[in-house]
Amino acid sequence: MLSISSRSRRFPIIPQVILTILALLFALPLILLFEVSFQGQGLGNYQAVLSLPELPQAFLNSAIVTSSTICIVYVITLLGGYAFSKLEMKGKSILFNAVLVGLMLPSTAIIVPLFLTVKAFHLFDNYLALILPYSAFALPFTLILMR
């Protein structure tokens, strides 16, 4: 007869094995990607990429766009999440549902109007041309999380 303590020790083994197998399945493409990156020149592939003169500027651009987008989304969703969860106001559910419509819009359907908007506001070669759309696309989902 199994005691309660031995049964509780054996029970987590099955889910742990299943989760380990799933983790290996999800990691397999990354392992293959890493393996393929060494084909040809080996470490020379990485040296060639890291020696590009444009790389530091590309990293700086990514850092600026990412940090700005995170700050904007964080501030807006903190305020919006608090308002939608704690404040009593008329039409709160209608307004929240209107925000959630943004989750249903595929980004490919908005590419042309987005391009025309960026062109109309003369935002080419500007960080705002990336920061504002990224923030707008991230807001509905993060607002759900904050609420």
Side-chain angles (χ1 to χ4, degrees), residues 1-115 117-118 123 126-147:
M1 182 169 177
L2 292 173
S3 66
I4 294 176
S5 63
S6 66
R7 190 183 303 170
S8 65
R9 285 186 197 153
R10 289 185 185 182
F11 180 70
I13 292 174
I14 294 172
Q16 188 66 38
V17 168
I18 292 171
L19 290 175
T20 303
I21 291 170
L22 285 174
L24 290 174
L25 286 175
F26 282 108
L28 185 64
L30 295 175
I31 294 168
L32 291 175
L33 180 86
F34 187 70
E35 181 183 328
V36 168
S37 73
F38 282 106
Q39 289 179 352
Q41 304 267 333
L43 283 176
N45 296 335
Y46 287 96
Q47 290 172 344
V49 170
L50 293 175
S51 65
L52 292 174
E54 301 89 11
L55 195 64
Q57 184 63 42
F59 277 122
L60 179 65
N61 290 343
S62 295
I64 290 171
V65 169
T66 303
S67 59
S68 300
T69 302
I70 289 171
C71 289
I72 290 171
V73 169
Y74 187 68
V75 167
I76 291 174
T77 54
L78 272 177
L79 298 173
Y82 179 80
F84 282 122
S85 66
K86 300 291 183 185
L87 298 180
E88 293 298 326
M89 57 184 171
K90 291 182 181 178
K92 179 170 70 170
S93 63
I94 294 171
L95 187 59
F96 186 71
N97 289 334
V99 170
L100 294 183
V101 168
L103 286 174
M104 293 186 281
L105 294 173
S107 57
T108 54
I110 306 175
I111 292 293
V112 173
L114 183 60
F115 173 78
T117 304
V118 167
L123 292 177
N126 194 337
Y127 290 126
L128 289 177
L130 293 172
I131 294 169
L132 294 177
Y134 288 164
S135 299
F137 286 126
L139 279 173
F141 180 70
T142 54
L143 192 57
I144 290 173
L145 294 178
M146 284 293 181
R147 182 178 177 209

* Mind checking what makes ring-ring contact (aromatic ring centres under 6.0 Å, His included) contact with F115, not counting sequence neighbours? -> F124
* N45 versus S37, closest heavy-atom pair with distance -> ND2-O, 2.8 Å
* To do: Measure the acute angle between the ring planes of F96 and F84, then classify it against the limits of 30° and 60° as parallel, tilted or perpendicular.
  => perpendicular
* Donor-acceptor pair, side chain of T66 and main chain of A63, under 3.5 angstrom -> no
* To do: Take Q57 and L60 through the test side chain to side chain contact (heavy atoms under 4.5 Å, CB included) and record every step on the way to the result.
  => CA-CA 5 Å; Q57 184 63 42; L60 179 65; 4.0 Å; yes
* Heavy-atom side-chain proximity of N61 to L130 below 4.5 angstrom -> no
* To do: To the nearest 0.5 angstrom, please state how far the CD1 atom of I14 sits from the CD1 atom of I18.
  => 7.0 Å
* **From CA spacing to verdict: side chain to side chain contact (heavy atoms under 4.5 Å, CB included), N97, V101** => CA-CA 6 Å; N97 289 334; V101 168; 6.0 Å; no
* Asked: Roughly how far, to the nearest 0.5 Å, is the NZ atom of K86 from the CD atom of E88?
  -> 10.5 Å
* **Rounded distance [0.5 Å steps], CD1 in I64 versus OG1 in T69** => 11.5 Å
* Can you sort out the partners of Y82 under ring-ring contact (aromatic ring centres under 6.0 Å, His included), two or more places apart, ordered by chain and number? => none
* Structure fact -> Taken to the nearest 0.5 Å, the spacing of L100 CG from L95 CG works out to 10.0 Å
* Asked: Taking only residues two or more places apart in sequence, or in another chain, which ones meet V75 in a side chain to side chain contact (heavy atoms under 4.5 Å, CB included)?
  -> L79
* Asked: Got more than 12 heavy atoms from elsewhere within 6.0 Å of CD1, I94?
  -> no
* Asked: Does L43 CG have over 12 foreign heavy atoms under 6.0 Å away?
  -> no
* **F38, CZ atom: more than 12 neighbouring heavy atoms under 6.0 Å** => yes
* To do: Kindly say whether V65 contributes a backbone atom to a donor-acceptor pair with the side chain of S68 at under 3.5 angstrom?
  => no
* Does OH in Y127 sit with more than 12 non-hydrogen atoms of other residues, nucleotides or ligands closer than 6.0 Å? -> yes
* P12 and P15: which non-hydrogen atoms are nearest, and at how many Å? -> O-CD, 3.4 Å
* Rounded to the nearest 0.5 Å, what's the gap from CD1 on I76 to CG on L143? Could you check? => 10.0 Å
* For M146 and G81, work out which heavy atoms get closest and say how close. => CB-CA, 4.0 Å
* Structure fact -> So CG of L103 and CG of L139: to nearest 0.5 Å the spacing works out to 10.5 Å
